[in-house]
> 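Please find one structure pasted underneath; my questions will follow.
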Protein chains: 2
Amino acid sequence: MSQTSTDILREAGISPSSQRVAIAEFVLHTGSHPSADEVLVQARKRLPGISVATIYNTLNLFVEHGLLRTFSLSQNHTVYDACTDPHHHFIDDETGRIHDLPIDAVRVSHDNFDDFDIREVQVVLRGRTNPQNPPAKLAK
Amino acid sequence: MSQTSTDILREAGISPSSQRVAIAEFVLHTGSHPSADEVLVQARKRLPGISVATIYNTLNLFVEHGLLRTFSLSQNHTVYDACTDPHHHFIDDETGRIHDLPIDAVRVSHDNFDDFDIREVQVVLRGRTNPQNPPAKLAK
DNA sequence: TCATTTTATAGAACTATTCTAAATTGGGAT
DNA sequence: ATCCCAATTTAGAATAGTTCTATAAAATGA
């Protein structure tokens with residue numbers, strides 16, 4: 001890892017308090033698309049007393065500064081996506097889990113529209129996850 | 001219009017109560033991607049006493065039967081999209097309004113994935129809406 | 001008509017998030 | 001070091017869309 005969480009925060013113009021670093025350590029480096037609640041659990045492993053309000057404040061701050069995006073899967077299920085490099089998403093129909101897809105795994109093009117200025121193209125693939133071939137941990 | 005709302009409901013296996021028809025009349029034929037609240041307002045124009053619970057019950061029923069989809073724009077802003085024919089979406093950055101795009105205005109292809117079975121491809125374009133050329137109703 | 005099931009309803013309950021107001025912290029300047 | 005001030009954190013209340021519950025009303029059909 002070339003950049004510490006502290007560095008990333010500073011570069012984004014965020015002063016790196018211990019709470020913010022504790023949150024960043026997890027949320028900026030996970031590919032798991034956690035909810036605020038899951039962030040809370042992970043952050044408390046590093047900083048046991050951290051409050052719910054701080055989790056929300058900090059996640060919103062990270063979003064405002066472009067470090068995260070929100071993904072609203074359904075009412076009462078919002079999830080955070082680390083803005084590492086551009087990517088697309090696959091969402092599992094059964095579990096709802098989100099997976100990142102390499103940007104070049106999907107090719108998109110679109111017409112020019114008179115009335116719309118396109119800034120960004122988001123692609124979500126949905127479907128089923130196949131049982132894995134290397135049958136890892138079948139045994140309990 | 002070739003099919004009445006009643007017909008559409010019957011074909012979907014939903015018995016067409018007056019409440020359901022009142023809701024269907026609006027929500028299955030609008031391109032406005034309304035929230036539950038907006039559906040309530042419109043349904044009450046047709047059936048003044050209809051209850052909030054019925055709006056939610058019915059919208060959920062329509063979703064289960066494939067007549068609608070939900071679109072969760074953010075926490076506390078869920079919107080319903082009539083499943084007429086397949087289409088993509090444009091979302092206005094400023095207003096949050098959703099517009100349908102013809103399916104062939106966007107071309108997408110993707111790799112095959114070992115571990116994912118793709119059932120559906122959703123594309124959302126985001127950006128700004130241009131001021132309209134025919135300057136309709138500039139004057140108040 | 002009566003019995004049974006389906007549908008609708010009011011209002012309470014729920015839950016993720018935001019708000020509020022007070023407490024704590026940390027980084028200069030002296 | 002100590003003081004000050006702004007930034008940050010915090011607990012808990014408030015908010016708002018949705019779901020739940022249990023009752024009532026309506027439709028079905030024998």
> Scan nucleotides 5-26 of chain C nucleotide by nucleotide, 5' to 3', and note B when protein non-hydrogen atoms come under 4.0 Å of the base, S if they reach only the sugar-phosphate, - if neither.
--SSBB----SSSB--------
> Check the orientation of B:His99 and A:Phe116. Use parallel for under 30°, tilted for 30 to 60°, and perpendicular for over 60°.
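Answer is tilted, since the angle falls between 30° and 60°.
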> Please assess B:His110 against A:His88 for the test ring pair (Phe, Tyr, Trp, His ring centres under 6.0 Å), listing each intermediate value before the final yes or no.
CA-CA 11 Å; B:His110 58 81; A:His88 294 297; over 10 Å; no
> Counting N and O atoms only, with roles assigned by atom type, does the side chain of A:Thr58 sit under 3.5 Å from a partner on the main chain of A:Thr54, one being a donor and the other an acceptor?
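Looks like yes, one N/O pair under 3.5 Å.
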> Take atom CZ in A:Arg107; do more than 12 heavy atoms of anything else shown fall under 6.0 Å from it?
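Yes - once you tally the heavy atoms of other residues, nucleotides and ligands closer than 6.0 Å, there are more than 12.
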> For the pair B:His33 (side chain) and B:Gly31 (backbone), establish whether a donor and an acceptor sit closer than 3.5 Å, ignoring hydrogens and angles.
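At least one qualifying donor-acceptor pair exists.
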